[in-house]
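Numbers here simply count residues along the sequence, with the first being 1.
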Amino acid sequence: MSEMIDQVKEYLLGLQDSICEGLAQVDGEAEFSIEEWDRPEGGGGRSRVLVDGAVLEKAGVNFSHVMGDSLPGSATAVRPELAGRSYQALGVSLVIHPNNPYAPTSHANVRLFIAEKPGEEPVWWFGGGYDLTPYYGFDEDCIHWHRTAADACAPFGDDVYPRYKKWCDEYFYLKHRDEPRGVGGLFYDDLNSWDFETCFAFMRAIGDSYLEAYRPILQCRKDTPYGDRERQFQLYRRGRYVEFNLVFDRGTLFGLQSNGRTEAILMSLPPLVRWEYAYKPDAGTEEARLTDYFLTGRDWLQLNDTGAAP
């Protein structure tokens with residue numbers, strides 16, 4: 001098992017670097033800082049963060065490889081049979097918050113868990129995916145995002161994209177708001193139904209397709225003119241992102257409950273955000289269209305795709 005873990009770790013560190021390089025090229029001004037950190041209970045990680053760039057207001061791409069004697073409650077609540085096992089968890093998690101309100105926030109995560117107990121076979125599983133959170137939506141962006149996700153899943157079966165697209169829509173849902181966080185993408189967890197090599201290949205397919213999915217959208221929208229109205233709406237909608245990450249996100253809960261590095265765990269939060277009491281956009285505006293049209297869990301691949309990439 002240790003050799004397999006080493007292979008996954010090597011891939012994840014390379015993925016972190018390649019995503020940072022690709023995003024820094026789009027920004028054209030700022031670079032990602034690098035910080036290595038250790039965790040007293042075991043393991044550590046490498047955080048890479050870009051702030052106050054020309055395009056990216058805040059971008060965090062975090063690698064972690066942590067271990068412990070027992071899984072925290074956020075993990076055993078989902079899989080109680082794992083209680084009492086030691087564990088290792090390694091993955092890359094990222095969140096990108098652009099300056100321009102017309103450029104969407106995006107999130108991606110790929111990870112591997114291993115739970116072990118003396119005298120028994122290790123239990124392992126993969127998880128991850130990516131999702132898109134626009135503030136001002138565009139059909140072509142959503143189609144491109146989901147087409148890229150579907151193409152990444154295609155070699156692994158015709159049912160994979162529809163299943164993980166549906167799981168993403170259900171997972172990234174704010175129950176207290178009764179609305180999706182964004183326009184979805186992919187979400188999967190507890191993946192061990194294939195052999196280890198196939199599951200690892202699927203992780204690589206998802207991780208490697210992230211830049212292909214996001215960078216063209218960011219490149220297209222980063223220079224769109226905007227004013228204070230659009231900026232204020234972006235900050236208001238970022239509040240939904242904060243609410244989800246602090247209340248529902250499994251990764252955030254796992255990290256905090258396992259005594260992870262708080263700065264790395266909360267790097268997903270935007271630098272600026274606002275809440276407004278009982279706010280509701282005027283009917284017929286682009287702000288209203290976000291929730292009325294885009295945040296409805298629709299099947300974007302059923303739209304009339306002209307083939308024009310964003």
Side-chain angles (χ1 to χ4, degrees), residues 1-26 32 34 43 45-48 59-67 87-96 106-115 122-132 144-168 171-172 184-218 250-251 254 268 301:
M1 195 75 201
S2 61
E3 183 178 342
M4 296 176 179
I5 294 172
D6 289 343
Q7 291 175 2
V8 174
K9 183 174 183 177
E10 181 180 5
Y11 166 72
L12 290 171
L13 287 167
L15 177 67
Q16 182 192 38
D17 287 340
S18 64
I19 289 175
C20 290
E21 180 181 348
L23 292 173
Q25 288 175 353
V26 176
F32 281 85
I34 301 177
R46 185 175 73 177
S47 297
R48 302 199 62 181
V61 186
N62 190 51
F63 165 81
S64 62
H65 181 191
V66 300
M67 60 246 356
Y87 73 92
Q88 293 188 60
L90 59 161
V92 163
S93 181
L94 64 92
V95 177
I96 312 302
S106 71
H107 158 261
N109 177 277
V110 286
R111 58 189 180 272
L112 167 66
F113 276 82
I114 308 100
V123 177
W124 56 265
W125 67 96
F126 288 83
Y130 47 66
D131 63 287
L132 193 70
H144 168 76
W145 179 261
H146 280 272
R147 173 52 59 199
T148 306
D151 289 347
C153 293
F156 300 90
D158 293 340
D159 66 322
V160 175
Y161 166 75
R163 181 153 41 96
Y164 292 158
K165 189 268 186 191
K166 182 175 183 291
W167 198 348
C168 185
Y171 178 71
F172 290 104
L186 300 170
F187 179 84
Y188 65 97
D189 205 358
D190 303 320
L191 177 62
N192 59 12
S193 53
W194 302 314
D195 60 51
F196 189 93
E197 286 303 322
T198 304
C199 291
F200 183 26
F202 184 71
M203 168 197 265
R204 297 195 302 270
I206 301 308
D208 294 345
S209 66
Y210 169 74
L211 273 182
E212 181 185 349
Y214 185 57
R215 188 163 56 177
I217 298 172
L218 183 62
R250 291 183 189 176
F254 176 88
S268 62
L301 298 187

| message | Using 30° and 60° as the class boundaries, would you call the ring planes of W125 and F113 parallel, tilted or perpendicular? | response | parallel
| message | Parallel, tilted or perpendicular, judged at 30° and 60°: which one describes the rings of F172 and F187? | response | perpendicular
Nearest 0.5 Å please: distance from the [atom1] atom of [X] over to the [atom2] atom of [Y].
{"X": "N109", "Y": "L186", "atom1": "CG", "atom2": "CG", "value": "12.0 Å"}
{"X": "Q7", "Y": "E10", "atom1": "CD", "atom2": "CD", "value": "8.0 Å"}
{"X": "L13", "Y": "F63", "atom1": "CG", "atom2": "CZ", "value": "4.5 Å"}
{"X": "F126", "Y": "S193", "atom1": "CZ", "atom2": "OG", "value": "11.5 Å"}
{"X": "R48", "Y": "L94", "atom1": "CZ", "atom2": "CG", "value": "12.0 Å"}
{"X": "S106", "Y": "I217", "atom1": "OG", "atom2": "CD1", "value": "8.5 Å"}

Which atom pair, heavy atoms only, marks the closest approach of [X] to [Y]?
{"X": "Y210", "Y": "A108", "value": "CD1-CB, 3.7 Å"}
{"X": "A152", "Y": "I206", "value": "CB-CD1, 4.2 Å"}
{"X": "L15", "Y": "G207", "value": "CD1-O, 3.4 Å"}
{"X": "Y188", "Y": "V110", "value": "OH-CG1, 4.1 Å"}
{"X": "L191", "Y": "Y164", "value": "CD1-OH, 3.6 Å"}
{"X": "P122", "Y": "I114", "value": "CB-CG2, 4.1 Å"}

| Summary of side-chain hydrogen bond (donor to acceptor under 3.5 Å, both in side chains) pairs that have at least one residue in residues 149-163, sequence neighbours excluded | H146-Y161, D159-R163
| Does any non-hydrogen side-chain atom of R111 lie less than 4.5 Å from one of D189? | yes
| With a 4.5 Å heavy-atom cut-off, do V66 and Y87 have their side chains touching? | yes
| message | Set out, in order, the CA-CA distance, both residues' side-chain angles and the distance that settles side-chain contact (heavy atoms from CB on, under 4.5 Å) for T148 and Y214, then state yes or no. | response | CA-CA 9 Å; T148 306; Y214 185 57; over 6 Å; no
| task | Test side-chain contact (heavy atoms from CB on, under 4.5 Å) on L23 and L218 and set out the steps. | result | CA-CA 9 Å; L23 292 173; L218 183 62; 4.2 Å; yes
Residues 195-205, side-chain donor-acceptor partners within the protein, below 3.5 Å, at least two apart:
unit_1, atom_1, unit_2, atom_2, d
D195, OD1, E197, N, 3.2
D195, OD1, T198, N, 2.8
D195, OD1, T198, OG1, 2.9

| request: Keeping the roles fixed (side chain from N62, backbone from S93), state whether a donor-acceptor pair exists under 3.5 Å. | output: no
| message | I'd like to know if the side chain of H144 and the backbone of E212 have a donor-acceptor N/O pair within less than 3.5 Å. | response | yes
| said: Run the side chain to side chain contact (heavy atoms under 4.5 Å, CB included) test against A59 and tell me which residues pass, sequence neighbours left out. | reply: F32, L50, L56, I96
| request: Could you go through the side-chain hydrogen bond (donor to acceptor under 3.5 Å, both in side chains) check for Q16 and R46 one step at a time? | output: CA-CA 9 Å; Q16 182 192 38; R46 185 175 73 177; 2.7 Å; yes
